[in-house]
There are 2 protein chains.
Amino acid sequence: MSGLGDEQPNPIRLLLADDQALVRGALAALLALEEDLTVVAEVGRGDEVVPEARRTAPDVALLDVEMPGLDGIAAAAALRAALPACRVLMVTTFGRPGYLRRAMEAGASGFVVKDTPARQLADAVRRVHAGLRVVDPTLAAETLAAGVSPLTERETEVLRTARSGGTVADLAGALHLSEGTIRNHLSAAIGKTGARNRAEAIRVAEQNGWLLGE
Amino acid sequence: MSGLGDEQPNPIRLLLADDQALVRGALAALLALEEDLTVVAEVGRGDEVVPEARRTAPDVALLDVEMPGLDGIAAAAALRAALPACRVLMVTTFGRPGYLRRAMEAGASGFVVKDTPARQLADAVRRVHAGLRVVDPTLAAETLAAGVSPLTERETEVLRTARSGGTVADLAGALHLSEGTIRNHLSAAIGKTGARNRAEAIRVAEQNGWLLGE
DNA sequence: GACGGCCCCTGACAAATGTCACGGTCGGGG
DNA sequence: CCCCGACCGTGACATTTGTCAGGGGCCGTC
């Protein structure tokens, strides 16, 4: 377990971002057991990541994807831009192929799903800090298989808006488009996802991580 | 903070059940910091709860609702039946009103959402162990407001099956009912939930926790 | 400049969905 | 006993949804 009196001279400084306070605190406790790691910041919203990182200058940031304010991927990009020295390790619930792709494009160094064994987390942090990449091989394979989103920008937007479950008229109003156009976009999305329903199309797109912001 | 050499004589014995190994391990680390608590078992599936509890005889079981094998509510009921001495504290991601109701009916002593501050968890465990009830007051109010599910058994079943997103014909085939009957049940569910869609009805029912098993 | 991709719109059509009125079975409670 | 509610089914109907064939406008690239 943790050293008693011998503090590490230069421990790895960590920032934790997760919207669930309980798991955030629990992760902090888990990582604090390692004598070469120290948690210097905790935030619960994506838009707090960069300001807090500026204040505390962490070496590695552990970011959840699902967060209010700003999703973890966007936060990762912003963080890379603001503090290039800080590495990013995504820690997320869902192993959506698209998430991994977007995270890597955003400059993340690692991607860990929340059902990996707890003991491996500290090692992942160390690897990332050392400049290595950490990726679940299974997930990487899926990502290659799923490929880039076939949906056009408008189609994703329509699909994302349709997630809440409104009628075509609602969508048309919300997006300032004609109902026919909405139907066309939906039809295209249904075709591209191989679904038979609007609902199915949404499910498929969601599972592949094709419905992220922007 | 943990005591160094002075182990508590009779620490509270805990069982942890959560399907995400990482948060499970993290929670274990968090709770292990308290000198009057000790984690004696960890499981990742609902149907492993009772066997493992039989083996380790915990005082308090922390159960997640979303788990493979057997959902946390059912696991709680089974655990109460098998080991009445063991108290149950539900720890879950979603504060669905129906979840709380069902958990209480299943004999749980406490209900904590995963975005409560980490420091409060140990206290919740102690309270539950002492025979008290632990419930988020906001959630309790919502539960009262949402009331019991207005859906009849068949309607819930149809709605739950419809979640996967199939056509009426699919549902009819899966449930061995006529398409007309399926449509009737769906229509009734849509009316009762105040939705305008099948999709909306599913969302509402899900948010209220009306779609749980059995 | 021609081409292709994406975008927006229209209109029309078939299919799926949601609603309604109706009948019938079964079990429990007044 | 009779009524009520949940349940299953039918058939007909209006609405919504999904599809298709067009028509433009706006970039980019070849």
Side-chain angles (χ1 to χ4, degrees), chain A residues 98 102 105 147-208 210-214, chain B residues 98 101-102 105 147-206 208 210-214:
Chain A
R102 306 277 306 259
E105 288 171 1
V148 149
S149 169
L151 301 175
T152 174
E153 186 177 345
R154 222 25 169 209
E155 286 159 3
T156 24
E157 192 178 0
V158 171
L159 221 52
R160 188 174 19 208
T161 313
R163 226 178 346 183
S164 326
T167 77
V168 174
D170 295 343
L171 300 182
L175 298 177
H176 305 292
L177 293 179
S178 122
E179 299 194 11
T181 307
I182 295 288
R183 280 213 286 268
N184 283 339
H185 283 308
L186 284 175
S187 185
I190 291 173
K192 289 181 181 176
T193 53
R196 300 198 314 297
N197 261 346
R198 177 190 315 193
E200 252 190 42
I202 292 175
R203 241 178 12 94
V204 171
E206 217 163 28
Q207 283 181 353
N208 283 328
W210 292 340
L211 256 42
L212 239 49
E214 184 230 5
Chain B
R101 173 181 303 277
R102 305 278 305 260
E105 288 170 1
V148 98
S149 169
L151 301 176
T152 174
E153 186 178 343
R154 226 20 174 211
E155 287 159 4
T156 358
E157 192 178 0
V158 172
L159 221 52
R160 187 172 11 188
T161 313
R163 225 175 349 181
S164 326
T167 76
V168 174
D170 296 342
L171 299 183
L175 297 177
H176 306 290
L177 292 179
S178 121
E179 299 196 11
T181 306
I182 294 286
R183 281 212 283 270
N184 282 340
H185 284 308
L186 283 175
S187 186
I190 291 174
K192 289 181 182 177
T193 54
R196 298 199 314 299
N197 261 346
R198 178 190 314 193
E200 253 190 43
I202 292 175
R203 241 181 7 97
V204 172
E206 216 163 29
N208 283 329
W210 292 339
L211 257 41
L212 240 47
E214 186 231 6

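Quick note on labels: first sequence line is chain A, next is B, and so on, each numbered from 1.
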Report summary line: His185(A) NE2 to dT19(D) C1', in whole Å, measures 15 Å
Query raised in the report: Which of these passes side-chain contact (heavy atoms from CB on, under 4.5 Å) with Glu179(B): Thr167(B), Val168(B), Asn184(B)?
Result: Val168(B)
Query raised in the report: Atom CD of Glu200(A) to atom P of dG18(D): distance rounded to whole Å?
Result: 11 Å
Query raised in the report: dC8(D) C1' sits how many Å from Leu171(B) CG, rounded?
Result: 16 Å
Requested in this report: Return no unless some side-chain N or O of Arg154(B) is found under 4.0 Å from OP1 or OP2 of dC8(D).
Outcome: yes
Report summary line: B/S/- along nucleotides 17-23 of chain C (protein heavy atoms under 4.0 Å) is BBBB---
Report summary line: Closest non-hydrogen atoms of Lys192(A) and Pro150(A), given as atom of the first, atom of the second and distance, are NZ-O, 3.3 Å
Report task. Say whether, by atom type as modelled, one donor and one acceptor occur between the side chain of Glu200(A) and the main chain of Arg196(A) under 3.5 angstrom. Result -> yes
Query - Protein-nucleotide distance (His176(A), atom NE2; dC7(C), atom C1'), rounded to Å - result: 17 Å
Query raised in the report: Between dA12(C) atom P and Glu179(A) atom CD, what is the distance in whole Å?
Result: 15 Å
**Report entry** Closest nucleotide among dT10(C), dC8(D), dC7(C) to the Ser178(A) side chain
**Finding:** dT10(C)
Query raised in the report: Whole-Å distance between dA6(D) P and Glu155(B) CD?
Result: 8 Å
**Report entry** Distance in angstrom units between Ile182(B) CD1 and dA16(C) P, rounded
**Finding:** 15 Å
Query raised in the report: Which atom pair, heavy atoms only, marks the closest approach of Trp210(A) to Thr156(A)?
Result: O-CG2, 3.1 Å
Query raised in the report: For the side chain of Arg203(A) and the backbone of Ser164(B), is there at least one donor-acceptor N/O pair under 3.5 Å apart?
Result: yes
Query raised in the report: Given dC9(C), is OP1 or OP2 found less than 4.0 Å from the side-chain N or O atoms of Thr181(A)?
Result: yes
Query raised in the report: Just by modelled atom types, is the Glu157(A) backbone N or O under 3.5 Å from a matching donor or acceptor in the Thr161(A) side chain?
Result: yes
Report summary line: Rounded to whole Å, the CD-P distance (Glu157(A) to dC6(C)) equals 16 Å
Query raised in the report: If you round to the nearest 0.5 Å, how far is CG of Leu211(B) from CD of Glu206(B)?
Result: 6.0 Å
